[in-house]
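Single-structure report; data block below.
Each chain gets a letter, A, B and so on, in the order its sequence line appears, and its residues count up from 1. What you see is a predicted model; the values in this text were computed from it and never measured.
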Amino acid sequence: MKQRVSALLREKFGREVVLEKPKDRSFGHFATPIAFSLSKELRKSPMIIADELASSFDDSEVFSAVEAVKGYLNFRLSENFLSEYATWALDNPAEFGKQEKKEKILLEFVSANPTGPLHIGHARGAVYGDTLLRLARHLGYDITAEYYVNDAGNQIDLLGLSIQLEGRATVLGEDVEYPESYYRGEYLTGLVLGAVEKFGIDILNNQSRQKELALWAKDKVMEIIVKDLGDLNIFFDTFVYESSLYDDWDRVLAKMGNGVYEKDGKMWIASETHGDEKDRVVVREDNRPTYLAGDIVYHNQKFERGYEHHVNIWGADHHGYIPRVKAAVEFLDYDSNKLEVLLSQMVSLLKDGEPYKMSKRAGNVILMSDIVEEIGSDALRFIFASKKSDTALEFDLAEFKKQDSSNPIFYIQYAHARINTILNKSDFSREEILNSSLKGLNENADSLLFDALLLPEIIEDAFSSRQVQKLPDYLKALAASLHKFYYDFRIIGSEDEAKLLKLFMVVALSLKTGLSLMGIKAKDHMSKEEE
RNA sequence: GCGCUCUUAGCUCAGCUGGAUAGAGCAAUGCCCUUCUAAGGCAUAGGCCUCAGGUUCGAAUCCUGAAGGGCGCACCA
């Protein structure tokens, strides 16, 4: 819709025109301050220019009115245009808001270590990434969701040790000393039992079998992670294992050429010359590659796989890591602008007013699965998608356990359910409703129709700006418009019943499409859960 | 100390690439169910957009500086 208007204006003025949504609908559907920018070149006052421009739009099919107000140029879309567009959308619901962007994108997100279940911080990145993924798919991008599994390095050894310690304490009843970085949590108990069953009880005390144990356990942990993500409607296309990459190290090392050098018996990457604070070690004195080496091979592989754009979602605590990876990408002779790193900030939970500080290694992490169980996948997804991902978020758990209007997901679902109910109550058939016209509606209905048809713009904007919260914001506003309209006008029995029902169907389509892009299924009925 | 980032209503946050009177949701107060589910609607109140400069027709938005918060500054991942 906006594209259409924008294209039309571009053609008319021979330049890109800024289109904005007026604060007040009485100004029209779209507006542009173009007269202000033209006033300098034309040496005329913005008001006069706007007046002249407005009068040049007489014969348009798309607009019913073009007015100049205080230098702004306000456009009102014609009934015809809106009605045709809405009818098309209802006839092609799966196509509503779709585009064909085609670009091939690799989206890597979550990528939590396979050493324990996901916690609430991971959930945020997961929801953010999956929402972007759904938006991108809707826009026609060829996008792949990938999980990078860090199954090499110290943390894996630590996992083996942790299981042994846990087993010695709980199964063998020994008095064990816990190192500080030892993993804790209920999941270990399950792993211990599984390990004993598979390997026999001896494995708990045999130091030489720690690695074997760990390699088995990380797969089990991945199963837990994948299941937890599935409960949130999040699914990955591909998994890349860090451990599988190091075979390729020599080749990648050679590929970086002068980007890597030897000093003090170690290999360094000259990342300082490419914007990093200093050079970094990639291979230690004892020949063991560092974590960065794995990431370099990984990114090389990503680029070799032929994507046009790469998006990584990382925890904000890794932001200092970005320059060195970008440096590596440049040494590998790829365009580091094609690597986009988005940050997902900390989440802090409040519980009964007490700040609940999370630490990944500590025993008292808040598990994602616990929260999903408490407030449900829909609410969790909604909350995390509603906030800009790169700012710290604080929320009180108790507040989102409520099943009332303070929980916006219920508000939106209720709007959708209301429409469904009223459609069922009406004597008109779906065919009769779809065949009716959307013209001659009152101003409020017209405005609601326009709001509902705005979804495609929101989808595009939310994805291209990577600000997924624009979608839930829009859905909240649309639901509010619906609720208000519902309160103000009686539909059943009105003269315009069929028309208004058609209007409601457009609203429902927007709500349903929008929700599904957030991984949430729209509800047709609300059932109140008793406490 | 250095780098990144944030600071908008009592609370949690929106405010797009500068543009028309600063916006929601909670919380507060008052109203609306013989009316398609009140899980709803309406209204009131609440703001020196952290501070100081600058850029210009115009700044919450861009630039510089200050103060305060967060994160990072590994041969750990």
Side-chain angles (χ1 to χ4, degrees), chain A residues 16 18 20-24 27 31-33 36-37 39-40 45-46 69-72 74 111-113 115 150 152-156 158 181 242 264 266-268 276-278 280-286 288-295 315-323 343 345-346 348 350 360-361 383 386-388 390-396 399 402-408 410-411 413-415 417-419 421-426 461-462 464-465 467 469-470 472-473 476-477 479-480 482-494 497 501 504 525-529:
Chain A
E16 208 54 50
V18 179
E20 47 194 44
K21 210 179 146 191
K23 297 228 162 79
D24 189 334
F27 287 125
T32 176
F36 291 95
S37 35
S39 78
K40 220 177 243 171
S45 103
V69 181
K70 285 159 79 180
Y72 285 86
N74 296 333
S111 297
N113 289 344
T115 52
N150 296 126
N154 292 341
Q155 84 277 11
I156 291 298
L158 199 54
S181 51
E242 183 189 355
D264 304 334
K266 305 163 214 174
M267 299 293 292
W268 300 71
D276 198 5
E277 286 168 26
K278 53 182 171 185
R280 311 286 172 175
V281 173
V282 287
V283 181
R284 303 175 179 93
E285 261 172 299
D286 60 6
R288 279 162 50 238
T290 61
Y291 176 77
L292 179 59
D295 237 351
D317 53 344
H318 287 65
H319 74 254
Y321 196 75
I322 298 172
L343 298 177
Q345 264 287 4
M346 296 264 305
S348 20
L350 293 174
K360 198 193 231 171
R361 297 276 156 93
I383 293 159
S386 296
K387 308 294 176 198
K388 249 194 319 202
D390 60 353
T391 57
L393 165 69
E394 188 178 80
F395 74 91
D396 197 312
E399 199 171 317
K402 289 191 258 173
Q403 302 212 336
D404 59 28
S405 61
S406 68
N407 194 339
F410 284 90
Y411 185 78
Q413 291 284 23
Y414 184 39
R418 270 186 152 171
I419 294 172
T421 307
I422 202 168
L423 280 168
N424 289 337
K425 276 222 160 102
S426 168
D461 187 26
S464 63
S465 66
Q467 311 259 300
Q469 80 278 1
K470 289 180 178 185
D473 283 353
K476 258 187 281 184
L482 185 278
H483 285 306
K484 180 163 169 50
F485 191 87
Y486 180 94
Y487 183 85
D488 288 342
F489 300 95
R490 197 180 162 82
I491 315 295
I492 304 275
S494 100
E497 182 171 331
L501 287 172
F504 271 30
H525 305 281
M526 302 300 280
S527 53
K528 192 154 190 163
E529 285 177 30

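Rounded to whole Å, the separation between the P atoms of rU56(B) and rG40(B) comes to 50 Å. Going from the P atom of rA27(B) to that of rG23(B) covers 22 Å, rounded to whole Å. Across rA60(B) and rU17(B), the matching C1' atoms stand 16 Å from one another, rounded to whole Å. Comparing the same atom, C1', in rU29(B) and in rC13(B) gives a spacing of 23 Å after rounding to whole Å. Straight-line distance between the C1' atoms of rG69(B) and rA22(B): roughly 24 Å, to the nearest whole Å. Comparing the same atom, C1', in rU7(B) and in rU61(B) gives a spacing of 14 Å after rounding to whole Å. Nucleotides rG25(B) and rA43(B), compared at atom P, are 11 Å apart to the nearest Å.
In this structure a side-chain-to-backbone donor-acceptor pair under 3.5 Å is missing from E242(A) to G153(A). Here the side chain of H483(A) pairs a donor or acceptor atom with the backbone of Y411(A) at under 3.5 angstrom. Using modelled atom types, no side-chain atom of S386(A) and backbone atom of P472(A) make a donor-acceptor pair closer than 3.5 Å.
K476(A) has its NZ atom 12 Å from the C1' atom of rG23(B), to the nearest Å. Rounded to whole angstrom, the span from the CD atom of Q413(A) across to the C1' atom of rG40(B) amounts to 16 Å. Rounded to an integer number of Å, the gap from Q155(A) CD to rA77(B) P is 7 Å. Spacing between atom CG of N154(A) and atom P of rA74(B) amounts to 16 Å, rounded to whole angstrom units. Protein atom NZ of K484(A) is 17 Å distant from nucleotide atom P of rC32(B), rounded to whole Å. Atom NZ in K278(A) sits roughly 12 Å away from atom C1' in rG72(B) (whole-Å rounding). Atom CG of D488(A) and atom C1' of rA43(B) are 14 Å apart (whole Å). A straight line from NZ of K425(A) to P of rU35(B) spans 11 Å, rounded to a whole angstrom.
When the nearest nucleotides of RNA chain B are assigned to I492(A) and P289(A) by heavy-atom distance, the more 5′-ward of the two goes with I492(A). Mapping E242(A) and R490(A) onto RNA chain B by nearest heavy atom places R490(A) closer to the 5' end of the strand.
Under the Watson-Crick or G-U wobble criterion, with both distances below 3.5 Å, rC49(B) has no partner in any strand shown. Both distances falling under 3.5 Å, in either a Watson-Crick or a G-U wobble arrangement, occur for no nucleotide opposite rU34(B). Using N1 to N3 plus N6-O4 or O6-N4 for Watson-Crick, or N1-O2 and O6-N3 for G-U wobble, each under 3.5 Å, rC62(B) pairs with rG54(B). Here rU21(B) sits opposite no nucleotide as a Watson-Crick or G-U wobble pair (both hydrogen-bonding atom distances under 3.5 Å). Base pairing analysis places rG1(B) opposite rC73(B); the two distances defining the Watson-Crick or G-U wobble pair are each below 3.5 Å. In this structure, rA28(B) and rU44(B) make a Watson-Crick or G-U wobble pair, each of the two defining distances being under 3.5 angstrom. Pairing for rU7(B) is with rA67(B), a Watson-Crick or G-U wobble pair whose two hydrogen-bonding atom distances lie under 3.5 Å.
Counting heavy atoms from C-beta on, the side chains of F504(A) and R418(A) never come closer than 4.5 Å. When side chains are defined from C-beta on, L482(A) counts as touching I419(A), because their heavy atoms get closer than 4.5 Å.
A477(A) comes within contact range of no nucleotide atom at all, as no heavy-atom separation falls under 4.0 Å. Counting non-hydrogen atoms under 4.0 angstrom, F489(A) reaches a base of the nucleic acid.
Of the side-chain N and O atoms in Y411(A), none sit less than 4.0 angstrom from OP1 or OP2 of rC26(B). For rA38(B), the OP1/OP2 oxygens have a side-chain nitrogen or oxygen of R418(A) closer than 4.0 Å. Residue Y414(A) has a polar side-chain atom (N or O) positioned under 4.0 Å from OP1 or OP2 of rA38(B).
Of the candidates rA20(B), rA39(B), rG41(B), the closest approach to any side-chain atom of A31(A) belongs to rA20(B). Residue Y487(A) has its side chain nearest to rG41(B) when only rU37(B), rG41(B), rA77(B) are considered. Taking every side-chain heavy atom of M526(A) into account, rA39(B) is the closest of rA77(B), rA39(B), rA74(B). The listed nucleotides are rC42(B), rC36(B), rG3(B); the one nearest the side chain of E277(A) is rG3(B). For H319(A), taking side-chain heavy atoms from C-beta onward, the closest of the listed nucleotides rC71(B), rC36(B), rA77(B) is rC71(B). With rC71(B), rA74(B), rG40(B) as the candidates, the nucleotide lying closest to the side chain of D317(A) is rC71(B). Among the nucleotides rC36(B), rG41(B), rA74(B), the one closest to the side chain of H483(A) is rG41(B).
No hydrogens or angles were tested; on distance alone, a donor-acceptor pair under 3.5 Å links the side chain of N74(A) to the base of rA20(B). Between the side chain of H318(A) and the base of rG72(B) there is no donor-acceptor pair of N/O atoms closer than 3.5 Å.
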Tabulate atom names and distances for all N/O pairs under 3.5 angstrom spanning the protein and nucleotides 13-17 of chain B.
{"unit_1": "rC13(B)", "atom_1": "OP1", "unit_2": "A392(A)", "atom_2": "O", "d": "3.2"}
{"unit_1": "rC13(B)", "atom_1": "OP1", "unit_2": "E394(A)", "atom_2": "N", "d": "3.0"}
{"unit_1": "rA14(B)", "atom_1": "OP1", "unit_2": "K388(A)", "atom_2": "N", "d": "3.3"}
{"unit_1": "rA14(B)", "atom_1": "O2'", "unit_2": "D473(A)", "atom_2": "OD2", "d": "3.0"}
{"unit_1": "rG15(B)", "atom_1": "OP1", "unit_2": "Q467(A)", "atom_2": "OE1", "d": "3.4"}
{"unit_1": "rG15(B)", "atom_1": "OP1", "unit_2": "Q469(A)", "atom_2": "NE2", "d": "3.1"}

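Q469(A) approaches K387(A) most closely through the heavy-atom pair CB-N, 4.0 Å.
Just one residue in the list I491(A), T421(A), I492(A) forms a side-chain contact (heavy atoms from CB on, under 4.5 Å) with S426(A), and that residue is I492(A).
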